[in-house]
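All values below were derived from every heavy atom in this structure, side-chain atoms included, with hydrogens, water molecules and symmetry-related copies excluded. Each chain gets a letter, A, B and so on, in the order the sequences are listed, and its residues count up from 1.
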Amino acid sequence: MRGDARSMTWTSPRTPAQAVRALAADPRALAFAGGTDLMVAWNMGLLNGRAVVDLSRLTPWRMIRASRDGLSIGSLATHAEILRHPAVRARFSLLADACATVGAAQIQNRGTLGGNLANASPAGDTFPALAVYEAVVHCLGPEGRRALPLLEFFAGVKKTRLKPGELIESVFLPSLPKPARAQFRKVGTRGAQAISKTMFAGALWLDRDGVVADVRLAFGSLAPTVRRLRAAEAFLKGRRLDAATSAEAAQLLDADVSPIDDIRSTRAYRLAASRGLLARFLAGR
Amino acid sequence: MRSVGKNVSRREGPEKLTGRAVYLDDLDIPGCWHGVTVRSSVPHGRIKAVKFDPAFPWSDYVVVTAADIPGRNVVTLIEPDQPLLAEGLVRHREEPIALIAHADRAKAYEALKHVTVEYEKLPSVLTIADALAVKEKIYKDDNVFKSFLIRKGDVDQALASADVVIEGEYRVPHQEQAYIENNAVAAWEEDGVLVVRGSLQCPFYVVKALKVLLGRDESKVRVSQTVTGGGFGGKEEYPSMIAGHAALLALKARRPVKIVYDRHEDMAATTKRHPAVVRHRTGLTRDGRLVAQDVDVVMDGGAYATLSAVVLSRGTLHAAGAYECPNVRVRSRVVATHTPPNGAFRGFGAPQTLFAAELHWEKIADVLGIDSLALKRKNLFKIGSITATGQVLRESVGAKSCLDVVVRRSKYAQRRKEYDRWNADPKKPSWKGIGVSVCHHGAGFTGSGEVYLASRAGVALTRAGALVVLAASTEIGQGTNTMFAQVASDTLGVPLDWLEVETPDTHKVPDSGPTVASRTCMVVGGLVRRAALDLKAAFESEHGRVPRTRAELKKAAAALCGAKPARRFEVQYEKPSEVTWNDATYQGDAYGVYSYAAFAVELEIDRATAETKVLRVTTAQDIGKAIHPLFAEGQIIGGCLQGLGWALLEEPVYNDGVMVNSQLTNYVIPTSLDAPPFDVTVVEKPYSRGPFGAKGVGELPMDVPAPAVAAAVKHATGRLIATIPLTPERITAALAADAEAARV
């Protein structure tokens, strides 16, 4: 344990405006939501001397609100709260499935959706589902509110487009027709407490005659940020899903991702496993 | 009254369960400072300078370098080659160079940023292949720390005349012990005695090391164990290093100093299981009877000799597996590399060579067209078998019993057919497989080791009527304290709760040898039983009988002790008369007795991702007698899970001689969700020399999983992958290579 709490300052603002002011005043200040990633860095002594702005008093930001237009998830909603929410389970099941694979129960109880997004790991467990749902990230900063589509929110490995002092307020998932098929699959290093090697979320809508009306396919851990498979999606739309079409679509994976060799896995494995998951999804197995 | 064979409650259980157990870092030591370690950042280099930032307030700190060592700068173990603090040369990454202490832990860590070590980098040898090729000379002329040769019969002649000769090469990686509590010690001087407390397995090892390091008499060093959060061998020899560090800081600071590693430091700097490459050349008759085994073993010892010679010895002695063969040759070497020294880890060389010996049967089965199980049955050890070292197995051979239980309870034959059908269906999302292994594990020290150790243990009776077991064996989660109390109380015929067990403190207990080698119950438990028999005899002759009530015990104690505060009944190890061993020829009784285990594993591999799920484990283990059946089952399940981790998940990744995944996030050990259901049968073939018939259980469970897993992966995928861990990456690459080969 190399973290030194005495070298740090801790403030717990009562309003979003105070939180934004506190963060804007100190560019090195850290916003603390669930703390599940920050505590790892703290343990390594990487946060000594930093100011922490604790967001736990911003209780309205924990709300999950369902409407006809969609679902608004407060940034401080925990993975456990999200995965148990009836509207999430009924209408956005990929996100519920993803939240259920985050860390283990303790992490799900503390970790928040906003924290997951702000941490911007290439392996963020909720991102492929959010990419399929075309989530919109609502931010609050010194210059007011703005909304960023999910894919524009990330700037790279562990980098977001949040400006100094800006916080994630909520995430909005627009309503969508019920897909014919939807699947989330995380390939981690083990049964729990695992960081993903590859992660897939997909949703598929078929015409009455079995032709692909729409399809959204996303992968995590295969690029610096979550990726939608634009080439495969474009190829599939308007085609009938037979074995040859599925196989060809799976080969188009490479056009949108760029996996690497690292201490968790290899590029070759990530590509092979991801193609396998994609083929299985398209085959409806 | 009798407690042996019953699941009595664990002595330290309530304290651990309620969080009241005091681990080293929880010890509140008044005035204690915190020590940290300056470590090398190159695998091999000459230290040009150690620079301390002149702007940093060093007067607030205590700094120790090799120049502060009053005795010899060496970690005393087997060879005097490892310095406690590097001087002039560093031979591996993370090697200790200097020590810093401060009253405040964070300030101590902060100081590390203000020390720079300048090196002249030297060429490094980081792999077994480069060490054998003597790319650089590290140790003597050939980089070989130690080699062994076992010979039985005439292997060359037998191979030349065998119906078939089958070759194979098998590789196993490092493994991290991953105890829950990292290495931690504290040291201070008290009335001229250096006191060391720590999370450790072998308090007398630490005394012997400090005696040389500090140049002081053993009586002026006192080492005692604190509640220890696991060891698995990882706290066998390393505490001698870290205790030396704390002692030097404490003596220079003239105050107590604690050193508590964090996980990263512990994983990167301390010992691991030895990686190994094992080659087999096996001659058989066409119907599968062994005629010759030629085995070559090479292990990676890392930069210093540490325990490598002994690890290699055990690996060598188990290399032919639990099978009888008339002609055997085992050649083995452990080489030096510029990597952190490898050391003790549950199994101690045997899991490495047994992996190869067991998995090789799958290759043989393919060539002969005979199921590997039938081949194993044909050649397995039984009463009267003669081992590679010429040892006749006279008693307590449960190999076949274990295998029979496992084959029956796992429904091996039925499952095999069922999975064959499943795997033949291309529409199934997975492949399934079942694999079986059977291994032996020698209990106690190798060869004449127990004779050299000359361990002592005892039972004391105080005048106040307390009965106290005296042994240096440490409780590291395996149940030592409870087991000793069971053995002593049953031997005396008194209630279990009359027995206390003394803390392993070198000023209070005799040297019972280290807590290693599956010897605590069988060897030290045997000493405790003999000591208790002596006490029982004293009760009978001096008091008329063994006391039946507490009041009577007090009366008897007064009579037996007389004017003395206590009477100690101590005994020393005596070699069983039937055991003979020749260190020069490596012939004879390598171990007094062996434990045996059979293990069946069923697993399912996702065809898309090659993720492996272990469906079920069925195991039977012959440990002579389960003194405490629940603890024995705990050792079996825990050891097997550790073995499953080694087989499927765990892989320390080295880059430039240092472990780069030195955190539990990326060094992946099994979680409870990765643990399959276990069906455990304890087989009891009593050993006449063990207390109540007991043999060793600590390490045996580590031997069996890896070869069974690799056999099951072969059953599932059709591919024999001879290197572990069998990660999805490795399975995918092997299958891709097959597909590529099929295209060409």
Side-chain angles (χ1 to χ4, degrees), chain A residues 1-8 36-37 40-49 101 103-105 107 121 123 183 185-200 243 250 261-283 285, chain B residues 25 34 36 104-110 112-113 182 260-265 427-429 606-614 644-645 648-655 659-676 727-733 735-737 739:
Chain A
M1 188 176 73
R2 301 190 181 192
D4 180 17
R6 290 162 308 170
S7 71
M8 305 168 78
T36 55
D37 277 302
V40 176
W42 182 84
N43 185 42
M44 293 160 82
L46 301 177
L47 307 184
N48 291 344
T101 70
I107 302 286
S121 160
Q183 193 183 62
R185 183 72 155 72
K186 167 172 168 173
V187 178
T189 50
R190 60 183 159 197
Q193 304 288 25
I195 299 177
S196 71
K197 299 170 178 178
T198 179
M199 218 174 0
F200 168 73
D261 289 343
D262 64 14
I263 54 176
R264 272 189 290 279
S265 190
T266 61
R267 171 185 163 84
Y269 172 75
R270 287 179 156 119
L271 283 175
S274 303
R275 277 194 209 105
L277 291 179
L278 189 54
R280 185 180 287 173
F281 172 73
L282 294 173
R285 277 186 275 140
Chain B
D25 201 20
H34 298 272
V36 296
D104 182 285
R105 183 177 289 176
K107 287 211 164 79
Y109 278 124
E110 179 63 27
L112 291 176
K113 296 176 196 155
N182 296 324
V260 180
Y261 285 175
D262 68 7
R263 184 64 66 178
H264 160 72
E265 183 170 22
K427 286 203 281 291
K428 295 290 190 232
D606 188 303
R607 291 191 191 189
T609 64
E611 290 163 287
T612 300
K613 182 178 170 56
V614 180
L644 289 173
L648 287 164
L649 300 171
E650 300 181 33
E651 190 160 34
V653 180
Y654 281 72
N655 187 359
M659 182 180 177
V660 288
N661 54 344
S662 54
Q663 337 107 301
L664 291 173
T665 321
N666 289 319
Y667 179 76
V668 182
I669 61 173
T671 67
S672 52
L673 283 186
D674 301 288
T727 56
E729 285 77 4
R730 189 161 272 130
I731 294 171
T732 301
L735 296 177

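- Heavy atoms of Arg270(A) lying under 4.5 Å from chain B are absent altogether.
- In this structure, the portion of Ile195(A) lying under 4.5 Å from any heavy atom of chain B is its side chain and not its backbone.
- Contacts of Ile669(B) with chain A are made by both backbone and side-chain atoms, with heavy-atom separations under 4.5 Å.
- Contact count against chain A (heavy-atom pairs under 4.5 Å) is highest for Asp104(B) among Asp25(B), Asp104(B), Asn661(B).
- Residues Pro676(B) and Lys613(B) are not in side-chain contact: their nearest non-hydrogen atoms beyond the backbone lie 4.5 Å or more apart.
- The parts of Arg190(A) that come within reach of chain B are both its backbone and its side chain, each placing non-hydrogen atoms under 4.5 angstrom from that chain.
- Residue Met8(A) comes nearest to Trp42(A) through the heavy atom pair SD-NE1, 3.4 Å, listed as atom of the first residue, atom of the second, then distance.
- Among the candidates Pro429(B), Ala106(B), Ala608(B), Ala675(B), the residue making the largest number of heavy-atom pairs closer than 4.5 Å to chain A is Ala608(B).
- When every heavy atom of Leu664(B) is checked against every heavy atom of Arg263(B), the shortest pair comes out as CD1-NE, 3.6 Å.
- Nearest approach of Gly191(A) to Asp674(B), heavy atoms of both residues: N-OD1, 2.6 Å.
- Among Asn182(B), Thr665(B), Thr609(B), the residue making the largest number of heavy-atom pairs under 4.5 Å with chain A is Thr609(B).
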Quick one, Lys197(A) with Thr189(A), criterion side chain to side chain contact (heavy atoms under 4.5 Å, CB included). Give me CA distance, side-chain angles, the key distance, then yes/no. CA-CA 7 Å; Lys197(A) 299 170 178 178; Thr189(A) 50; 3.8 Å; yes
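- Residue Asn655(B) does not touch chain A at all, counting heavy-atom pairs closer than 4.5 Å.
- Heavy-atom distances place both the backbone and the side chain of Ala192(A) under 4.5 Å from chain B.
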What's the verdict on side chain to side chain contact (heavy atoms under 4.5 Å, CB included) for Arg2(A) and Met44(A), showing C-alpha distance, side-chain angles and the deciding distance? CA-CA 5 Å; Arg2(A) 301 190 181 192; Met44(A) 293 160 82; 5.9 Å; no
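- At a threshold of 4.5 Å between non-hydrogen side-chain atoms, the residues Phe281(A) and Arg185(A) do not count as touching.
- Neither the backbone nor the side chain of Arg275(A) comes within contact range of chain B, judged by heavy atoms closer than 4.5 Å.
- The main-chain N or O of Ala273(A) is never found under 3.5 Å from a side-chain atom of Asp606(B) such that the two would form a donor-acceptor pair.
- Of the listed residues (Val187(A), Asn43(A), Leu277(A)), the one with the most heavy-atom contacts under 4.5 Å to chain B is Val187(A).
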